[in-house]
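Side chains are part of it too, since the values below use all heavy atoms of this structure and drop only hydrogens, waters and symmetry mates. All chains are named by letter (A, B, ...) in the order of the sequence lines, taking the proteins before the strands, and each is independently numbered beginning at 1.
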Amino acid sequence: MKILSFLAACGMVLQAQVPFERLVGADSEPQNWLTYSGNFAGHQHSGLKQINPATVSKLQPKWMYQMRTTHKGESTPLVVDGVMYVTRSPNDVIALDAATGRKLWEFDYKLPAKVIVCCGQVNRGLAILGGHVFMSTVDAWVLALDARSGRLLWKTQMANYLDGYGSTSAPIVARDKLIVGMAGGEYGARGFIDGYDVATGKRAWRFYTTAGPDDPNAASWAGDSWKTGGATTWTTGAYDPELNLVYWGTGNPGPDYNGDVRKGDNLYSDSVVALDAATGKRKWHFQFTPHDMHDWDSNQTPVLFNAEFRGRQRKLLMQANRNAFFYLLDRETGEFLLARPYEKQTWAKEIDEQGRPVRLPGTLPTEAGVAVWPAATGGTNWYSPSYSPEQKLLYVATREEGEVFYRAAAPYSPGNYFLGGEHKPVPGEFPTGAIRAISPLTGEIVWTHKLLTPPWAGVMATAGGLVFGGTNEGNFFALDGATGKDLWHFPTGDKITANPISYGVDGKQYVAIVAGDVLISFGLEQ
Amino acid sequence: MVRGWGLILCAGAAMAQGQSGGIPDLRMGRQFYLGHCAQCHGPEGEGGRGVNLTTGQYRLSRTDDDLLRVIQGGVPGTEMPPSRLPVSDIRRVVEYVRSLGAAGAQEKAAGDAAAGAVVYGRLGCSGCHVVAGKGGSLGPSLDSIGLRRSLKFLRESLVTPEAFVAKAYVGASAVTRTGERVTGVRLNEDDYSLQIRDAREKVHSFSKAKLETFRRLDSSLMPAYGKLPAVDLENLIAYLSSLRAAGE
């Protein structure tokens, strides 16, 4: 804790200067949470150890911040030198004293009267660089605020929200570029990932995630279907500063449940794409679910790590995909290394040696309905997994739930649902959930902690040896990272639909989570 | 805005046409009906958890447009769900619902409602159900049951109550470390605790860690009345069907 208190003492409230080098070295200052995932590698992991299996029974709320919004709380805060930056859905930004929860400034953003989003007017977080705090909005703008005051510095429009475009995820900074994803996959939007100049907000590049005529994979879409093909990019990706590659997950092809109007593999839907951060040029892609008809977006934040695999030291990327399989890829080349189911699935016989699923017959949606596991919401969803370098385990909040998938017509009109079907609960099923610990180099499940219902909250592992997570019933809990043993919980009183983080101020470790619309910060009883 | 309209409509029509591939609307409508509606309204529209659709009479709808609105938006506060099907397909369903209604069947119970009310009192149904403000609360209120449910469903509720148990009335059973067993409606549950209302309407809250066992019941907490004399059963169904208090 020595380093921690030293740094905290030097930290000057509201003088946040976060040069790019600090973001790259985020793991070396665990008292801060500098990017959406805590580091660029998507680890969603804290290096702090004060709260651990021996002390966690003394964990208690230290402060709460009532957001007083009727929108869902899905935000992951950032913490820089004692100041917490958090979004309040839809698109307000609040800076708080991270030790007391007292507000320092607030930026209010007014949305137009009629914005179009499938799943709630939410925002999931921010990025920071230098003295700028960045946010993208539900009505498809990118904003930069002054970290000291919340004053608006620049504002750039991404796309027209009236056509179903929006943005709900946290951006990330890759050197001098702000990388931003977008949403609208249920409305026939055409997916893209943007790179903006951090200083001016000018767009430097755009990579379209549906392959148009100028893309070598254009043949993967029948006719003009790429124009309304979805493949949106609505969850934050990961970044490798050495390779200068951004790894971003892409969403389902549109229309969701009827593939007739979009014959082909529909690249780059349900994929991870590796883009050169300077130019937006695609280095490689890997598609998890070709020609998807179950809404299995692959937006889950990719997790980067290095290890020896089959006798060779490699740069790796893993993802527990919404289609219920865990995947391991080489992140320099995109080479498929292995896949293994981590949750109940009834749609694929196996994943073949090229990484393509071998579909089971009778699993595609029909007018009369077909029950398939996982549900459209998947074996997991947008909320973050967590990688512990100490345990060498990937922790994932998983969903054991099937659904009946229906097919229907898919007429397109801008700003309206473009689904081509529906999905409904399997009669008589009581869906459940779990936290699972997966061994990254084999995909084996090392332990499972069952949950009553399929969760909507992410997990965070700590160097102290804990895994934090949340339930639909409102319990914020801590498990033993090595065994999955349930060690502590606190009933917050509302459904938890966000990722936990950890930070330190004055030598004291905190764990924070948004539960419902309340931000709660926990610390040890003194 | 206006400028775009012609284009939008054309694109929509072209794509929608590509879908149905020449299958007549009524047959498509039946396909959708079987997939989306039959589990509640019965495969032939005879009713179930949802109302009988073979009568051609609807509580909230008269015109096809009314039906379209109800099917699209559902009936808030009841089990009738909204639908995300595109309007073009909902029209097919409306057409099919109309064809079911053309049967003009009578949804009229065979028994005698007044005699059924006596059976209701004799069997102690009010121990668990409220009618007109009187009775117990272990089971749901029956005030407007005749509006919400088909005759087929009412019969099933009495003969095989476990065939359908609404989520709010799922049973749970817990056994404490001292061997005490508590069975009742599962009022609430999370990963750590379980709340049960027992048959005497006493509420229990258990910490799961301190229980010997606990489980959710597949059966219903309501006794089965299949062995009732046929007349009594028919009269009881007629009585339930006559309970049509509005405003629920």
Side-chain angles (χ1 to χ4, degrees), chain A residues 118 162-163 186 188 222-225 227-228 255-258 260-262 365-370 404-425 427-428 430 432-433 435 449-453 455 469-475 477 486 489-491, chain B residues 1 4-5 7-21 23 25 27-40 43 48-49 81-93 162-165 167 170 186 188-194 207-209 215-216 218:
Chain A
C118 72
L162 288 171
D163 293 337
E186 273 64 50
D224 279 349
S225 57
K227 287 184 179 168
T228 52
D256 302 37
Y257 311 105
N258 184 340
D260 288 3
V261 297
R262 51 168 173 86
T366 62
E367 278 73 12
V370 173
V404 183
F405 289 86
Y406 299 97
R407 204 180 105 109
Y412 171 76
S413 68
N416 288 313
Y417 268 126
F418 187 48
L419 296 174
E422 274 204 275
H423 52 102
K424 291 190 179 150
F430 278 91
T432 63
I435 306 298
H449 169 75
K450 285 296 286 180
L451 298 173
L452 190 68
T453 56
T471 70
N472 294 334
E473 295 73 30
N475 285 297
F477 61 80
D486 194 339
H489 72 273
F490 178 83
Chain B
M1 282 311 301
W5 272 105
L7 249 173
I8 294 162
L9 291 176
C10 292
M15 284 200 184
Q17 238 171 34
Q19 301 294 308
S20 58
I23 301 173
D25 280 355
R27 234 180 76 199
M28 280 290 278
R30 177 168 166 77
Q31 287 281 304
F32 283 118
Y33 178 84
L34 288 177
H36 295 256
C37 325
Q39 73 266 34
C40 288
R49 284 157 68 190
S83 173
R84 273 191 182 181
L85 285 175
V87 175
S88 55
D89 285 335
I90 293 187
R91 285 201 197 288
R92 297 189 169 108
V93 178
E162 70 278 8
F164 172 73
V165 176
K167 270 233 160 80
V170 167
R186 173 180 165 271
N188 211 343
E189 182 177 2
D190 69 3
D191 288 283
Y192 304 99
S193 74
L194 174 63
S207 160
K208 286 184 175 178
R215 64 193 176 90
R216 204 146 42 199
D218 296 324

| request: Work out which heavy atom in B:P86 is nearest to a heavy atom in A:A409; give both atom names and the distance. | output: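 The pair with the smallest heavy-atom distance is CG-O, 3.2 Å.
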Could you grab the distance from atom [atom1] of [X] to atom [atom2] of [Y], nearest 0.5 Å is fine?
X	Y	atom1	atom2	answer
B:R84	A:H423	CZ	NE2	6.0 Å
A:E367	B:D89	CD	CG	7.5 Å
A:L452	B:K208	CG	NZ	5.0 Å
A:H489	B:D190	NE2	CG	6.5 Å

| query | Is it the side chain or the backbone of A:L419 that comes within 4.5 Å of chain B heavy atoms, both, or neither? | reply |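 A:L419 touches chain B through side-chain heavy atoms alone.
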| task | Could you check which of B:E189, B:Q39, B:H36, B:R216 has the highest count of heavy-atom pairs closer than 4.5 Å to chain A? | result | B:H36
| request: For the pair A:F477 and B:D191, evaluate side chain to side chain contact (heavy atoms under 4.5 Å, CB included) and give the outcome as yes or no after the intermediate values. | output: CA-CA 10 Å; A:F477 61 80; B:D191 288 283; over 6 Å; no
| Side-chain donor or acceptor of A:Y406 paired with backbone N/O of B:G35 under 3.5 Å | yes
| query | With a 4.5 angstrom heavy-atom cut-off, which part of B:V170 approaches chain A: side chain, backbone, both or neither? | reply | side chain
| B:S193 versus chain A, the contacting section by heavy-atom distance below 4.5 Å |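 Neither part.
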| Looking at A:N472, A:T453, A:D486, A:V404, which makes the most heavy-atom pairs under 4.5 Å with chain B? | A:D486
